[in-house]
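Data block below; observations after.
Worth knowing before you read on, the calculation uses all heavy atoms, side chains too, and leaves out hydrogens, waters and symmetry mates. Below, read A as the first sequence line, B as the second, and so on, with proteins coming before strands; counting in each chain starts at 1.
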There are 2 protein chains.
Amino acid sequence: MQEANDIETSETLTARQGEVLDAVFDLLMKGGDAVTMTAVARRASCSKETLYKWFGDRDGLLTASVRWQASKVRAGSYDRHHLDANSLRESLQGFWGNWLRVISGPKSIALNRVAVSHAWSGKSNLGSIVLENGRFAIGERLKPLLEDGRAAGLLDFDDTETAFRTFFGLVSRDIQIRLLLGDRLEITEAEIAQDAARATQQFFALYGARDRASFEDRPASFPPQPSETHPRGAPEDEDGKHKPPSS
Amino acid sequence: MQEANDIETSETLTARQGEVLDAVFDLLMKGGDAVTMTAVARRASCSKETLYKWFGDRDGLLTASVRWQASKVRAGSYDRHHLDANSLRESLQGFWGNWLRVISGPKSIALNRVAVSHAWSGKSNLGSIVLENGRFAIGERLKPLLEDGRAAGLLDFDDTETAFRTFFGLVSRDIQIRLLLGDRLEITEAEIAQDAARATQQFFALYGARDRASFEDRPASFPPQPSETHPRGAPEDEDGKHKPPSS
DNA sequence: CAAGAACCGTACCGTACGTTACGGTTCGGC
DNA sequence: GCCGAACCGTAACGTACGGTACGGTTCTTG
């Protein structure tokens with residue numbers, strides 16, 4: 001392994017290398033045992049020698065692939081145009097809806113699965129890569145929005161991190177662990193939208209500015225719009241599926 | 001493999017078999033690659049032949065061990081004595097505190113890790129076992145308490161499952177995924193208690209019965225006790241640690 | 001067009017681990 | 001005290017896979 005890792009140092013990947021890494025990820029989604037060097041080479045129509053020259057060893061290949069996919073997965077960021085209550089609420093809903101869509105997708109599930117498996121198994125930490133591009137990335141992207149909301153008098157919290165983590169919990173609840181553990185849990189687009197709306201609503205119920213003073217000089221229809229979902233935090237039915245995986 | 005699986009059918013495990021399964025789990029916590037048949041045999045001071053006779057194959061051994069540990073992990077249940085606001089709040093706090101303590105422990109982390117890794121890798125589903133003894137078990141244990149709370153006029157929600165999942169999210173937030181992904185994230189006993197209290201408080205803010213009518217014939221000091229934590233859902237600082245794993 | 005680099009395909013090597021086989025030992029029942 | 005069952009320890013087998021070597025082919029460059 002003399003000068004193997006082009007990747008670690010220079011972040012540039014050729015198109016061909018990208019194809020290879022996509023092949024790796026395809027294999028990953030077909031179950032982790034499937035990703036052998038031979039299989040990757042065959043699937044990507046390249047030689048094992050090339051794999052080793054490019055990525056050093058199997059672990060480097062996996063790491064590069066995870067990094068590659070993780071960097072592609074990050075949901076779009078939200079520009080902070082002028083903030084009123086509705087635009088804030090819509091931004092938040094959109095943000096989390098996007099996120100729900102991403103993490104419930106097969107790519108994200110595979111990504112997290114392999115990262116978890118690997119973090120457990122010693123060697124180079126895919127866990128931190130996924131964490132950095134997932135949980136922490138959305139934190140850094142959402143927190144400015146929350147703080148803008150606070151500055152605009154729409155939100156009220158002391159610690160941004162705490163508020164964010166609560167929001168995170170309201171949105172994700174048990175779905176990530178369930179998906180990772182193999183629970184068949186298909187989420188329709190409608191459910192995603194509804195979940196994002198419910199979570200946002202609950203977030204406003206917890207952290208929305210509601211001092212009488214600042215409340216009354218806001219437009220009449222503040223976030224919890226009775227027309228959209230339940231005014232209180234309990235939508236009627238939703239998705240109470242107790243449906244463990246293929247028994 | 002003629003009549004191997006004593007375990008699948010008769011749920012009884014001899015003490016010796018329990019020792020073996022504990023040995024497996026010890027190995028599991030030392031990184032998943034460590035759990036080879038030879039290592040298990042050596043650690044448990046038994047022969048490989050016995051392992052195969054008892055558990056069929058490596059997968060059966062893993063499955064038995066996960067089932068064994070999962071059944072030992074379940075936090076204690078809570079009896080429904082007479083319910084007033086304070087006892088309910090304390091029960092909930094205690095329940096979730098227990099749960100936080102469990103899932104942040106190394107055993108639970110190892111358990112979830114191996115289950116995730118395995119669920120990803122085809123074969124017999126450890127995921128459902130962990131799910132059944134973890135997420136779903138606490139659901140079944142907590143929901144009666146919530147419904148008693150509602151019957152006593154202390155809580156207000158339509159769908160128990162939805163309320164429970166929200167509560168789950170408020171408590172767990174991002175800690176489970178972070179722990180699984182290898183984030184060093186030590187949680188002190190104090191933080192656990194505080195988190196459970198904060199989550200409970202937020203849950204009451206979202207689902208506590210607060211119609212004017214039933215509110216006024218309740219004792220003066222309803223759950224959000226200003227003396228305990230912040231009356232609103234935002235504790236001052238808490239644990240905003242952005243501390244990714246060993247980079 | 002020629003020389004060299006990059007790469008493909010395949011064959012090969014070493015090893016680690018799952019699985020099986022077998023001789024020796026302990027132990028409960030008659 | 002004898003017999004068989006259960007079990008221990010270890011040795012052996014087969015295989016799958018990570019990693020390497022090498023000849024042939026395509027692409028780049030001057």
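Listed pair A/Trp54 / C/dA6 fails the phosphate criterion, with no side-chain N or O lying under 4.0 Å from OP1 or OP2. For A/Ser47, no side-chain nitrogen or oxygen approaches OP1 or OP2 of C/dG9 to under 4.0 Å.
Within residues 36-45 of chain A, the residues having any heavy atom under 4.0 Å from DNA chain D are, by residue number, A/Thr36, A/Met37.
Among residues two or more places apart in sequence or in another chain, the ring pair (Phe, Tyr, Trp, His ring centres under 6.0 Å) test is passed with A/Phe168 by A/Trp99. Scored by the salt bridge (Lys or Arg N to Asp or Glu O under 4.0 Å) test, A/Arg58 finds no partners at all (sequence neighbours excluded). Partners of A/Arg101 by salt bridge (Lys or Arg N to Asp or Glu O under 4.0 Å), not counting sequence neighbours, listed by chain and number: A/Glu189. Scored by the salt bridge (Lys or Arg N to Asp or Glu O under 4.0 Å) test, A/Glu19 finds A/Arg16 as partners (sequence neighbours excluded).
With hydrogens and angles left out, the side chain of B/Lys48 and the base of C/dT19 share a donor-acceptor pair within 3.5 Å.
For B/Cys46, taking side-chain heavy atoms from C-beta onward, the closest of the listed nucleotides D/dC7, D/dC8, C/dT19 is D/dC8.
The separation between A/Lys53 atom NZ and D/dC22 atom P is 15 Å, rounded to whole Å.
B/Asp26 and B/Lys107 are not joined by a salt bridge, as no carboxylate oxygen comes within less than 4.0 angstrom of a charged side-chain nitrogen. A salt bridge links A/Lys72 with A/Asp22: the closest approach of a Lys/Arg side-chain nitrogen to an acidic carboxylate oxygen falls below 4.0 angstrom.
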### Query
Passes salt bridge (Lys or Arg N to Asp or Glu O under 4.0 Å), B/Asp183 versus A/Arg135? Steps please.
CA-CA 11 Å; B/Asp183 195 352; A/Arg135 154 68 179 84; over 6 Å; no
Produce the list of close N/O pairs, under 3.5 Å, pairing protein atoms with atoms of nucleotides 22-29 of chain C; give distances to one decimal.
| unit_1 | atom_1 | unit_2 | atom_2 | d |
| --- | --- | --- | --- | --- |
| C/dC22 | N4 | B/Glu49 | OE1 | 2.7 |

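Map B/Thr50 and A/Val35 each onto its nearest nucleotide of DNA chain D; the residue landing nearer the 5' end is B/Thr50.
Considering only heavy atoms from C-beta on, A/Leu100 stays 4.5 Å or farther from A/Gln176 through its side chain.
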